[in-house]
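To keep things clear, I will list the structure first and then write my remarks on it.
Predicted model, so just to flag it, every value in this text is computed and none were measured. One-based numbering along the sequence shown.
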Amino acid sequence: MRFRGITFIFLVLSNLVSAQVGGKGVYQFLNLEPSARVASLGSKSVAFIDDDVNMTFQNPALLNSLQNNHISLNYVDFYDGINFGKIGFARRINDKYNMAAGLQYINYGAFQYADITGERNGYFYAAEYAANIVVSRKIDNSFSIGLNAKPLYSVLESYSSTGIAFDLAASYQS
């Protein structure tokens with residue numbers, strides 16, 4: 001009787017446990033934040049208007065005229081040879097429109113080819129890239145909207161993929 005109880009508990013608990021998954025989606029590098037300021041905010045963009053171009057790529061509605069001709073350069077040296085970075089530039093078009101462009105990348109480094117017997121046959125590389133094209137429009141003194149279009153490219157050995165992502169945002173400041 002005691003064995004049945006232990007077996008029952010084991011079976012119930014084993015259904016609640018899960019192992020590691022290979023991933024829950026593509027282009028997960030977009031969830032990494034290279035900006036120290038945005039990372040310190042928990043990778044969530046607070047809706048305040050200032051001259052930080054990095055906030056623009058988190059929330060495109062925050063792109064404003066204070067960021068005119070500002071550039072941002074970010075680089076993160078991850079563990080085990082992984083490099084991650086972002087560059088961005090913002091420009092005011094006129095009184096209502098602003099535009100920014102940027103490039104985000106992650107380079108996973110070099111990997112060794114090995115066949116089933118373990119013989120090494122050279123190297124291959126893996127990397128992912130996202131361009132950022134941001135446009136914002138000031139509706140009035142307290143409301144603005146923004147759109148970020150991100151063409152994406154990923155390469156792993158001889159495999160590659162392309163995609164596009166969009167961020168649409170609005171910001172209201174009292």
Side-chain angles (χ1 to χ4, degrees), residues 20-109 125-174:
Q20 297 86 1
V21 293
K24 295 187 179 192
V26 295
Y27 306 116
Q28 288 296 311
F29 80 104
L30 294 174
N31 294 326
L32 299 173
E33 188 52 57
S35 166
R37 183 177 186 202
V38 177
S40 71
L41 294 169
S43 295
K44 302 297 179 208
S45 178
V46 179
F48 52 83
I49 305 297
D50 67 358
D51 62 349
D52 188 359
V53 177
N54 293 308
M55 301 299 281
T56 298
F57 300 110
Q58 198 72 8
N59 180 348
L62 297 180
L63 178 61
N64 62 69
S65 60
L66 296 173
Q67 300 168 2
N68 187 36
N69 291 330
H70 282 209
I71 190 167
S72 71
L73 298 168
N74 297 288
Y75 174 76
V76 178
D77 186 14
F78 270 179
Y79 50 89
D80 205 21
I82 298 173
N83 300 304
F84 176 59
K86 184 184 271 186
I87 183 170
F89 178 75
R91 179 99 174 142
R92 189 179 92 196
I93 305 298
N94 57 35
D95 289 341
K96 291 196 181 248
Y97 289 95
N98 297 288
M99 187 170 185
L103 178 66
Q104 180 177 346
Y105 77 95
I106 187 164
N107 183 345
Y108 297 104
Y125 300 91
E128 295 180 291
Y129 305 92
N132 290 272
I133 303 148
V134 184
V135 176
S136 74
R137 183 177 192 276
K138 186 176 181 181
I139 305 297
D140 58 28
N141 285 336
S142 55
F143 190 70
S144 62
I145 58 174
L147 174 70
N148 186 358
K150 299 180 212 178
L152 306 164
Y153 178 71
S154 177
V155 61
L156 173 62
E157 200 255 328
S158 63
Y159 303 97
S160 65
S161 70
T162 57
I164 190 161
F166 294 97
D167 296 327
L168 180 62
S171 175
Y172 176 79
Q173 187 170 19
S174 175

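Closest heavy-atom contact between F84 and E33: CE2-C, 4.0 Å. For the residue pair Y153 and S160, the shortest heavy atom distance occurs at OH-CB, 3.7 Å. V38 and N54 get closest at one heavy-atom pair: CG2-O, 4.4 Å. Scanning both residues, K96 and I139, for their nearest heavy atoms gives NZ-O, 4.0 Å. Nearest heavy-atom pair, N94 versus Y97, reported as atom, atom and distance to 0.1 Å: OD1-N, 2.9 Å. Considering all non-hydrogen atoms of both residues, S161 and Y27 come closest at OG-OH, 2.9 Å.
Taking S154 as the reference, E128 meet the side chain to side chain donor-acceptor pair (under 3.5 Å) condition, with sequence neighbours excluded. A search for side chain to side chain donor-acceptor pair (under 3.5 Å) contacts involving S65 returns nothing, not counting sequence neighbours. Every residue two or more places apart in sequence or in another chain that forms a salt bridge (charged side-chain N to carboxylate O under 4.0 Å, His left out) with R37 is listed here: D50, D52. Under the salt bridge (charged side-chain N to carboxylate O under 4.0 Å, His left out) criterion, K138 pairs with no residue, sequence neighbours left out. Partners of L156 by side chain to side chain contact (heavy atoms under 4.5 Å, CB included), not counting sequence neighbours, listed by chain and number: F124, A126.
Interatomic distance, CZ of F57 versus CG of L63, reported as 8.5 Å (0.5 Å rounding). Distance check, rounded to the nearest 0.5 Å: CD1 of I87 to OH of Y105 gives 10.0 Å. With values rounded to the nearest 0.5 angstrom, N141 atom CG is found 11.5 Å from S174 atom OG. For the atom pair F78 CZ and Y108 OH, the distance stands at 9.0 Å (nearest 0.5 Å).
When only modelled atom types and interatomic distance are considered, R91 and N98 share no side-chain donor-acceptor pair under 3.5 Å.
Under a cut-off of 6.0 angstrom, the local environment of OH in Y159 is sparse, with at most 12 non-hydrogen atoms contributed by other residues, nucleotides or ligands.
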Verdict with reasoning, S35 to N74, per side-chain hydrogen bond (donor to acceptor under 3.5 Å, both in side chains): CA-CA 6 Å; S35 166; N74 297 288; 4.8 Å; no
L32/I106 under side chain to side chain contact (heavy atoms under 4.5 Å, CB included): CA gap, chis, key distance, verdict: CA-CA 10 Å; L32 299 173; I106 187 164; 3.8 Å; yes
R92/N69 under side chain to side chain contact (heavy atoms under 4.5 Å, CB included): CA gap, chis, key distance, verdict: CA-CA 8 Å; R92 189 179 92 196; N69 291 330; over 6 Å; no
Pair V134-M99, side chain to side chain contact (heavy atoms under 4.5 Å, CB included): steps then yes or no: CA-CA 6 Å; V134 184; M99 187 170 185; over 6 Å; no
Could you go through residues 142-152 and list every donor-acceptor pair under 3.5 Å that involves a side-chain atom there, pairing it with any protein atom two or more places apart or in another chain?
from: S142; atom 1: OG; to: D140; atom 2: OD1; distance (Å): 3.4
from: S144; atom 1: OG; to: A61; atom 2: O; distance (Å): 2.9
from: N148; atom 1: ND2; to: N132; atom 2: OD1; distance (Å): 3.2
from: K150; atom 1: NZ; to: D167; atom 2: OD2; distance (Å): 2.8

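Counting heavy atoms from C-beta on, the side chains of N31 and F29 never come closer than 4.5 Å. The shortest distance between side-chain heavy atoms of I164 and F166 falls below 4.5 Å.
Listed for the N64 side chain is a donor-acceptor partner under 3.5 Å among the backbone atoms of L62. In this structure, N83 contributes its side chain and N107 its backbone to no donor-acceptor pair below 3.5 Å.
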